[in-house]
*Asks:* 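Okay, here's the structure, questions in a sec.
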Protein chains: 2
Amino acid sequence: MFKSVTIKDIAKALGVSTSTVSRALNGSYEIGTETKKLVLEYAEKINYRPNPIALSLKEQKSHSIGVVVCEVANDYFSQAINGIESIAYNRGYHVIITQTHESFDRETANVKHLLSRHVDGLLVSLSAQTTDTLQYQDLLEKGFPIVFFDRAAPGLNTHKVIANNFKGAFDATEALIKAGFAKIAHLTNSKNLLISLERLEGYKAALHEYGIEFNPAFVKHCDHGGMIQGEVELALKELLSMDVPPQAIFSGSDRLTISSISILKKMGIKIPQDVALAGFTNSDVVQLFDPPLTVVRQPAFQIGQMATEMLIKTIESKWPVYEFNTEKVDVELIVRSSSQKN
Amino acid sequence: MFKSVTIKDIAKALGVSTSTVSRALNGSYEIGTETKKLVLEYAEKINYRPNPIALSLKEQKSHSIGVVVCEVANDYFSQAINGIESIAYNRGYHVIITQTHESFDRETANVKHLLSRHVDGLLVSLSAQTTDTLQYQDLLEKGFPIVFFDRAAPGLNTHKVIANNFKGAFDATEALIKAGFAKIAHLTNSKNLLISLERLEGYKAALHEYGIEFNPAFVKHCDHGGMIQGEVELALKELLSMDVPPQAIFSGSDRLTISSISILKKMGIKIPQDVALAGFTNSDVVQLFDPPLTVVRQPAFQIGQMATEMLIKTIESKWPVYEFNTEKVDVELIVRSSSQKN
DNA sequence: ATGAAAGCGCTAACAA
DNA sequence: TTGTTAGCGCTTTCAT
């Protein structure tokens, strides 16, 4: 670390005690106007900055928040992290990011690591593998602040920020139906994730609304969220080699959507001629794709911001917090040619 | 922060002094084997974790490193940050990320902020606006560890990790020439950046190698790195409305490359029929573009890792470091149809 | 209005 | 081999 000016230096230079300096700096009232001015001016002059580490030790607060996500190299999460950072920075917190790569073990290890780092709170989006949320339960019971975003743990009583997954899935499926497709498959994330269920429900509801029978064989779950080599490819191949294959696919996650196009292209399958496609993704360049992609887009940046606001509010609350809310944010369907019949 | 077990609790429970506990925990030799075992077992049992904040205060080290980049929502930088985090995490450092949005003032403010946070070192990629690097000079003279990556400050004596920009530019330009284009424009970043100059030189060298005269009017600099609304559009329009417009464009940064395609499409310009395109970018989905994009790709993840290794080595060096090296890493040209004559 | 001193968790120099 | 103590930078209680 770097030798910097301390309160002691100021005290010595001015011939006062460190407590006087501290009081002046903190705008206490029990101090003489003259002395205060003197200290403040000198501090300014030598460019004094309090040592945040000493403050942390004193206050028993690290002023840092831990983030648990599956991966950062993902448009949704990198945008969310951007939102998280933007709020945290302004409120004087720093952010420690950890990745689970969709593994429950890594998630557990990350949470442990963050706690050993004495983070003041946690911003969590569960891994695709996670079914056991006991560690969060324990922490919450001790009053430790946690806010879930995107992939929330069902049954845990705390703040959550989630997208309107049902509506997003409904809208995307509806768009495919309106484009003239009836045989629509759904490629989605692990069954463990609540978002997968919500999106599945939205998909089913749209089918139902338009009198299309739901075919369970048309639903493919990628239990590792597409992180495992061949997982997405296998699902797609199974779908396309069915006796009556789907004419369109609605894909339920950022990684799955992008992987699908890539794999379909490699397989020589034409979109949308051979199979149409619509999916959740937050990529900003999908309008440049061939064909331009129909997507459900989430306000990831704002979701990150909201979750962070809620977390910091909980952290800084003078009283234990017992009232929690779940913010549901709207998603946006953007129709492009990948979902249109040719 | 969260009430956790301290060395004092262990000492009290075991009826020994805190220093004994400390010694046991740190594997000191001046301690009885019995006592050591006792402490270690108990610490394990109650899941003791040292308080990193107390350690920081004691050691005068924050175990954090500051990162200065233009923006994180950029494929190159998000990948580099991934590399940075991967090393930092394993070495017990955490990473504080700040964004300049290509503004010199924000860069200065960020460096100040990071120093007030007592980071142990800095990983810097300059903003497009930066010409004055005095603040880094001052820090370096005091022995403060700084490693530049990608956008390094010329004339500062410290570690640097940069891509082989000359070769990347040469190769991309050469690919366009070999595809049959002679009138090749170069859209690039601010003149202030060394990388812009190196890429310009590579571009010129390729032209020269193939006996094509260099036309200064074919070079357009975006002084704000494309962060300012309309900046890229203006440059492109100027190029395309020339009496003898270019047949191909070589673009010299991630943001400029992606912006260009987007703008050209909006203008109704066909790639590569109306104008061919090749450019620096680290996007992983450009092969899905229409047309698939010819790119120069940098090993951003590795660059981040290397820079972090070098920084931590400098931070942890027992002696002042006077010998610095500049690592030059290879880039990769991937030719796709955006640069091919139709 | 100001100073002295304790304490946050930990390490290390010094004593025993 | 173990304990006592001081100190990292800061705030805050208790004296004065």
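Quantities reported herein were computed from a predicted structural model and do not represent experimental measurements. Each chain gets a letter, A, B and so on, in the order its sequence line appears, and its residues count up from 1.
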*Asks:* For the aromatic rings, using the six-membered ring if either is Trp, is the centroid distance between A:F148 and A:Y136 under 6.0 Å?
*Replies:* yes
*Asks:* Closest approach to the side chain of B:K8, judged atom by atom: which nucleotide of C:dC8, C:dC10, C:dC14 is it?
*Replies:* C:dC8
*Asks:* Taking 4.0 Å as the cut-off, does a side-chain nitrogen or oxygen of B:Y48 come that near to OP1 or OP2 on C:dG9?
*Replies:* no
*Asks:* Starting the side chain at C-beta, find the nucleotide from C:dT2, D:dC10, C:dA12 nearest to A:I31.
*Replies:* C:dT2
*Asks:* Specify the residue among B:T20 and A:S19 whose closest nucleotide of DNA chain D lies further upstream toward the 5′ end.
*Replies:* B:T20
*Asks:* Going by the angle between their ring planes, with limits at 30° and 60°, are B:H159 and B:F324 parallel, tilted or perpendicular?
*Replies:* perpendicular
*Asks:* For the helix from C:dA1-D:dT16 to C:dA16-D:dT1, measure the angle between the helix axis at one end and the axis at the other, each built from five pairs, rounding to 10°.
*Replies:* 60°
*Asks:* Expressed in angstrom and rounded to an integer, what is the separation of B:R117 atom CZ from D:dG9 atom C1'?
*Replies:* 16 Å
*Asks:* Given D:dC10, C:dT2, D:dT2, identify the nucleotide with an atom nearest to the side chain of A:K58.
*Replies:* D:dC10
*Asks:* Yes or no on salt bridge (Lys or Arg N to Asp or Glu O under 4.0 Å) for A:R151 and A:E102, after CA distance, side-chain angles and deciding distance?
*Replies:* CA-CA 12 Å; A:R151 301 159 167 208; A:E102 306 288 19; 2.9 Å; yes
*Asks:* Does B:S22 have a side-chain nitrogen or oxygen under 4.0 Å from the phosphate oxygens OP1 or OP2 of C:dC10?
*Replies:* no
*Asks:* Measure from the side-chain heavy atoms of B:R23 and tell me the nearest of D:dT11, C:dA13, C:dT2.
*Replies:* C:dA13
*Asks:* What residue among A:T98, A:T133, A:L126, A:V69 forms side chain to side chain contact (heavy atoms under 4.5 Å, CB included) with A:E107?
*Replies:* A:L126
*Asks:* Within the pair A:S17 and C:dG3, is there a side-chain N or O less than 4.0 Å away from OP1 or OP2?
*Replies:* yes
*Asks:* Suppose we call two aromatic rings close when their centres sit under 6.0 Å apart. Are B:Y89 and A:H113 close by that rule?
*Replies:* yes
*Asks:* Mind calculating the distance between CD (A:E59) and P (C:dG9) to the nearest angstrom?
*Replies:* 14 Å
*Asks:* To the nearest Å, how far apart are A:L14 CG and C:dG3 P?
*Replies:* 10 Å
*Asks:* Atom CD1 of B:I10 to atom C1' of C:dG9: distance rounded to whole Å?
*Replies:* 12 Å
*Asks:* Under 4.0 Å between a side-chain N or O of B:T18 and OP1 or OP2 of D:dG3?
*Replies:* no
*Asks:* What is the separation between atom CD1 on A:I53 and atom C1' on D:dT11, rounded to the nearest whole Å?
*Replies:* 17 Å
*Asks:* Before giving the answer on side-chain contact (heavy atoms from CB on, under 4.5 Å), spell out for B:I65 and B:V119 the whole-Å C-alpha distance, their side-chain angles and the decisive distance to 0.1 Å.
*Replies:* CA-CA 5 Å; B:I65 64 189; B:V119 293; 5.6 Å; no
*Asks:* In terms of relative ring orientation, are A:Y93 and A:H63 parallel, tilted or perpendicular, with 30° and 60° separating the classes?
*Replies:* tilted
*Asks:* Using OP1 and OP2 only, check whether a side-chain N or O of B:K36 sits under 4.0 Å from D:dT1.
*Replies:* no
*Asks:* Measure distances between side-chain N and O atoms of B:R49 and base N and O atoms of C:dG9, and say whether any donor-acceptor pair falls under 3.5 Å.
*Replies:* no
*Asks:* So, is B:N51 near the phosphate of C:dC8, with a side-chain N or O under 4.0 Å from OP1 or OP2?
*Replies:* no
*Asks:* Under 4.0 Å between a side-chain N/O of A:Q60 and OP1 or OP2 of C:dG7, yes or no?
*Replies:* no
*Asks:* What is the distance, rounded to the nearest whole Å, between atom NZ of A:K12 and atom P of C:dG3?
*Replies:* 15 Å
*Asks:* Atom CG of A:N26 to atom P of C:dA1: distance rounded to whole Å?
*Replies:* 17 Å
*Asks:* For A:T326, which of A:V161, A:I162, A:T158 qualifies under side chain to side chain contact (heavy atoms under 4.5 Å, CB included)?
*Replies:* A:I162
*Asks:* Between C1' on C:dA12 and CD1 on B:I7, what's the gap in Å once rounded to a whole number?
*Replies:* 11 Å
